[in-house]
Amino acid sequence: RVSAQHQWLVASLSSKSIRLFTLSMALWRVVGGADKGGIVVRAGRELKSEERGSRLSTGALVEELEVVSDRLHYRLKQGTGPAKGWVSLRVSGKALLEAAEAAVGLAVTMTTANSPPLATGKVQSFNGVDLDDLRRRADSDSGRYTQGCLDPEPEAWDGLKPPPSRGMFVRDSTGRPQAGKIWNPQLACVPDKVRATTPFEEHMKGKPVNSYHSDMNALIETGEGPVGHWYGLKFPYTLDLIDRYGAAFLTRAFHAAGTLCKSNSVTKISVMPFVGGSMSLKCFLTVEYAQADDSLHTELFVKYPFPAGTPHEQKERWVSRFVMNNDGPEIDFARILSSGAPMKCPKYYFGDICLKTGTALLITEKLPLPGGSDDFGPYELEAIPYKSVDYLLDIPDRYYEAMTRSIARLAAWGKCGRLGRDIEDVFPPPTTPPLFMGTAKRVENFLEFLFKCGSCCVPEEIIGKHGQVNESEWFVQTLRQVLPEVERAQAAVSEYLLRDKDYIGFTHQNMNTDNAMFWRDEDGHVCAGFIDWGRFKRDNFARALSTGYMCSDLCELVQHSDELWIQSFISSFVDAGGPRLRFETFWEHYMLAWLLQGLAAVDLPRQLWLTQSPYMTPDGWQKIPSYKDPRVFRLPNYNNGMVAILRNFVYYWKCRDLPSFWQRWKAANMDGHKLRPRS
């Protein structure tokens with residue numbers, strides 16, 4: 001019996017193909033308790049935990065969610081008894097449950113590049129195959145997807161635990177708010193003074209690090225908060241200051257932002273810290289208003305900065321604020337666009353940034369999110385997924401397709417004026433990313449890592465036999481030859497990606513599952529909004545999608561689904577009012593984006609070492625059997641995402657034959673290292 005096994009099947013259909021895989025659930029049949037009306041079910045794993053009100057009937061069929069020693073966490077499929085709970089597999093050597101034959105269901109589909117685009121909500125056929133029907137079957141409760149039939153589930157290691165299992169979609173309401181059901185986009189009336197974006201290029205980019213240290217130390221010495229650029233208010237930037245500034249600050253802040261009418265006020269707050277995410281600290285606020293109003297949230301969510309007291313902390317904050325520009329775009333989106341976006345976004349209450357120190361604060365509604373293992377009904381938000389742990393999602397391709405459709409609609413609304421006339425011009429034009437240098441040396445370090453240390457990251461069928469770097473391997477030869485060429489041509493490639501304005505617009509450069517919120521409609525279709533808009537910007541659409549997909553840990557799934565996702569983007573973009581896009585042009589941009597991603601990816605082994613995790617050393621890597629290992633999942637600041645990026649780049653290099661694509665594109669578009677003029 002193999003738990004959560006999957007298989008890839010390829011069915012040839014005329015000159016095209018559709019790829020399918022099946023999922024199987026581990027099922028158990030209750031064989032004990034016939035003389036007692038079934039077996040005892042408890043709320044928790046411990047034998048002394050609370051007993052459920054009824055027994056699980058003899059003969060019942062249950063799905064395995066988790067097995068710990070002789071205790072089974074189950075979900076009821078057939079029979080009577082509690083829908084979910086913990087039971088013993090055996091008592092005094094006598095079996096209470098026996099393994100049943102796994103149930104199999106169809107899970108994922110993908111069309112080839114030359115198949116027709118898929119229009120959301122419309123039945124599509126592909127050489128006589130009803131793709132909409134395949135999608136409906138994929139959305140059924142057909143089990144969990146895991147990568148690799150022989151890849152075991154992760155085990156705890158040295159006190160580090162793997163990610164816990166997630167709750168599942170149920171057809172009936174659990175009683176929580178149906179937060180995904182109603183979303184009426186209405187652009188806020190933003191005064192011209194604040195209908196602008198953070199002046200990063202003019203006032204922040206390239207600020208000398210010593211100057212930042214001086215300004216930050218001066219701010220710390222005052223014991224007060226900085227003055228914000230947008231509203232001119234002194235705002236708190238630590239948990240203590242948030243508590244001390246209290247209701248009076250929130251009243252002034254909400255009045256200034258126009259999110260609270262002048263006749264109302266915040267009268268009381270309580271602060272609760274929250275741990276999560278890697279780019280800022282967070283806390284929850286419970287507030288009371290002088291005048292109750294159903295449109296005002298009493299539960300709020302706050303993002304505030306990490307400490308910047310030590311030289312090391314200040315160096316990290318300087319990179320985040322004055323090189324990466326992580327906070328400004330998110331606050332700009334929340335202030336200007338979030339209320340009118342075509343997907344659900346947390347309601348904006350206040351946000352500001354200090355240009356001298358880059359210190360920022362953002363306050364939004366607190367979303368009604370369940371616990372990680374809680375089930376969720378129609379239109380109820382599910383728990384936010386962990387970064388790069390997509391193997392826990394039951395239908396992972398649908399999560400990415402849902403995010404892709406949402407971003408496509410946002411891009412289209414920016415083009416057609418539904419977000420305001422000339423709204424794209426409010427946001428800075430796309431720019432060429434910083435140039436990478438030293439690629440040849442990084443390639444050698446990358447190859448040493450893949451073959452000698454990080455063999456758990458990529459299988460031998462992708463790169464060749466693990467051990468020594470084999471000079472004759474295709475992967476080794478092409479990486480050494482082609483990636484330095486891409487480095488020399490990277491400016492020209494970036495220029496090429498920015499040539500056609502129809503393929504440039506609003507993008508989410510961090511479109512990862514842990515930055516999104518998900519729910520399902522009454523038919524089980526996955527829908528998506530976003531909780532985090534860091535690095536929102538105008539850019540080439542294909543480049544932005546590549547940065548979104550690269551953090552998925554399911555490399556095979558990405559390879560088999562990216563064409564479908566891109567066609568879904570194009571279809572949703574056009575349906576929402578955007579100009580027509582050619583798949584061939586989009587795909588060309590997407591392949592070029594992955595080549596550029598490679599310039600950063602080959603430096604990731606060094607970046608992982610810099611996390612200072614004791615497991616990211618050469619010796620430490622050799623003891624890790626799988627990328628799912630807790631030593632990877634528990635990397636500081638969610639840097640397991642870097643492992644996913646590294647792996648995806650290698651898969652793209654091999655499976656999409658990026659070297660051959662590069663040679664064809666270079667021959668058609670380059671003269672030496674320069675881009676040919678447009679014909």
Arg535 side chain to Met511 backbone, donor-acceptor under 3.5 Å: no

Could you measure the distance from the CG atom of Asp514 to the SG atom of Cys551? Nearest 0.5 Å is fine. 7.5 Å

For Cys457 and Arg647 the tightest heavy-atom approach is O-NE, 2.7 Å

From CA spacing to verdict: side chain to side chain contact (heavy atoms under 4.5 Å, CB included), Met550, Tyr652: CA-CA 10 Å; Met550 69 183 182; Tyr652 266 93; over 6 Å; no

If you compare all heavy atoms of Pro346 against all heavy atoms of Met517, which two are closest, and at what distance to 0.1 Å? CD-CE, 3.8 Å

Assess, by modelled atom type and distance only, whether the side chains of Ser173 and Gln178 contain a donor and an acceptor separated by less than 3.5 Å. no

Please report the closest heavy-atom contact between Phe633 and Lys161, naming both atoms and the distance. CD2-O, 3.9 Å

Tyr379 and Glu522 side chains, donor-acceptor separation under 3.5 Å: yes

Does the side chain of Pro378 come within less than 4.5 Å of Asp521's, by heavy atoms? no

Which residues pass the side-chain contact (heavy atoms from CB on, under 4.5 Å) test with Ser373, not counting sequence neighbours? none

Non-neighbouring partners of Lys452 that pass salt bridge (Lys or Arg N to Asp or Glu O under 4.0 Å), sequence neighbours left out: Glu448

Taking Glu63's backbone N and O only, do any of them form a donor-acceptor pair with Arg75's side chain (distance below 3.5 Å, no angle check)? no

Can you list every salt bridge (Lys or Arg N to Asp or Glu O under 4.0 Å) pair that touches residues 83-97, not counting sequence neighbours? Asp70-Arg90, Lys84-Asp375

Under a plain distance cut-off of 3.5 Å, with no hydrogens placed, do Thr174 and Glu380 share a side-chain donor-acceptor pair? yes

Checking side chain to side chain contact (heavy atoms under 4.5 Å, CB included) for the pair Arg166/Tyr386: CA distance, chi angles, key distance, verdict? CA-CA 10 Å; Arg166 293 174 55 80; Tyr386 292 104; 5.5 Å; no

Indicate, with yes or no, if the rings of Trp621 and Tyr615 have centres closer together than 6.0 Å. no

Which distance, rounded to the nearest 0.5 Å, do you find between the NZ of Lys268 and the OG of Ser270? 7.5 Å

Is there a donor-acceptor contact under 3.5 Å from the side chain of Ser571 to the main chain of Ser568? no

With under 30° as parallel and over 60° as perpendicular, where do the rings of Phe284 and Phe274 fit, or are they tilted in between? tilted

Are Ile242 and Cys283 close enough that some pair of their side-chain heavy atoms sits under 4.5 Å apart? yes

Heavy-atom closest pair (Glu299 atom, Thr286 atom, distance to 0.1 Å) is OE1-OG1, 3.1 Å

Rounded distance (nearest 0.5 Å) linking atom CD of Glu330 with atom CG of Asn515: 8.5 Å

Between Arg42 and Ser49, is there a donor-acceptor pair closer than 3.5 Å when you use the side chain of the first and the backbone of the second? yes

Can you confirm whether Ile182 is buried at CD1, in the sense that more than 12 heavy atoms of other residues, nucleotides or ligands lie under 6.0 Å from that atom? no

Do Met168 and Asp394 have side chains that get closer than 4.5 Å, going by heavy atoms? yes

When you measure from the side chain of Asn639 to the backbone of Met642, do you find a donor-acceptor pair of N or O atoms at a distance under 3.5 Å? no

Run the side chain to side chain contact (heavy atoms under 4.5 Å, CB included) test on Lys347 and His297 for me, step by step, so that the C-alpha distance in whole Å, both residues' side-chain angles and the decisive distance to 0.1 Å come before the verdict. CA-CA 9 Å; Lys347 181 179 178 180; His297 294 86; 3.8 Å; yes

Indicate yes or no: at least one non-hydrogen side-chain atom of Leu160 is less than 4.5 angstrom from one of Asp629. no

Glu50 atom CD: more than 12 heavy-atom contacts under 6.0 Å: no

Sidechain-backbone polar pair: Tyr349 side chain, Phe301 backbone, donor-acceptor under 3.5 Å: no

Worked verdict on Glu460 versus Phe451 for side chain to side chain contact (heavy atoms under 4.5 Å, CB included): CA-CA 9 Å; Glu460 290 183 338; Phe451 283 90; over 6 Å; no

Restricting to non-hydrogen atoms, name the atom on Ser572 and the atom on Arg409 that form the minimum distance, rounded to 0.1 Å. O-CG, 4.4 Å

Hey, does the side chain of Thr617 reach the backbone of Gly620 with a donor-acceptor pair shorter than 3.5 angstrom? yes

Donor-acceptor contact present, side-chain Ser88 to main-chain Arg71, <3.5 Å: no

So, for Ser280 and Phe306, which heavy atoms are closest and what is the spacing to 0.1 Å? N-CE1, 3.3 Å

Is there a donor-acceptor pair closer than 3.5 Å between any side-chain N or O of Trp183 and the backbone N or O of Ala341? yes

Give a yes-or-no answer on whether the side chains of Thr513 and Asp390 include a donor-acceptor pair shorter than 3.5 Å. yes

Using side-chain heavy atoms (C-beta onward) and a distance below 4.5 Å, is Leu557 in contact with Asp397? yes

Just wondering, more than 12 heavy atoms not from Asp294 lying within 6.0 Å of its CG? no

Would you indicate whether the side-chain heavy atoms of Ile566 and Leu545 approach each other to under 4.5 Å? yes

Answer with yes or no whether the side chains of Ser388 and Asn640 bring together a donor and an acceptor at under 3.5 Å. no

Output for pair (Tyr651 OH, Gln559 CD), nearest 0.5 Å, gives 8.5 Å

Would you call Leu61 and Val30 a side-chain contact if the rule is heavy atoms closer than 4.5 Å? no

Go through the side-chain N and O atoms of Trp28 and Glu64 and say whether any donor and acceptor fall under 3.5 Å apart. yes

Tell me, do Asn648 and Val558 make a side-chain contact under 4.5 Å, heavy atoms counted? yes

Residue pair Asp532, Lys303: steps toward the salt bridge (charged side-chain N to carboxylate O under 4.0 Å, His left out) verdict: CA-CA 10 Å; Asp532 187 309; Lys303 288 186 174 183; 3.0 Å; yes

Could you tell me the separation between the CZ atom of Arg29 and the CD atom of Glu98, rounded to the nearest 0.5 Å? 10.5 Å

Supply the atom-to-atom distance Trp609 CH2 to Cys453 SG, rounded to the nearest 0.5 angstrom. 13.0 Å

Does the ring centre of Phe518 sit less than 6.0 Å away from the ring centre of Phe376? no

Short side-chain donor-acceptor distance under 3.5 Å, Tyr549 and Ser561: no

Would you confirm whether the ring centroid of Tyr400 sits within less than 6.0 angstrom of the ring centroid of Trp565? yes

Indicate whether the side chain of Ser613 and that of Arg631 have a donor and an acceptor atom separated by less than 3.5 Å. no

In this structure, which one of Leu89, Val87, Val91 forms a side chain to side chain contact (heavy atoms under 4.5 Å, CB included) with Ile39? Val87

Using modelled atom types only, decide if a donor and an acceptor are shared between the side chain of Thr611 and the backbone of Gln607 within a distance under 3.5 Å. no

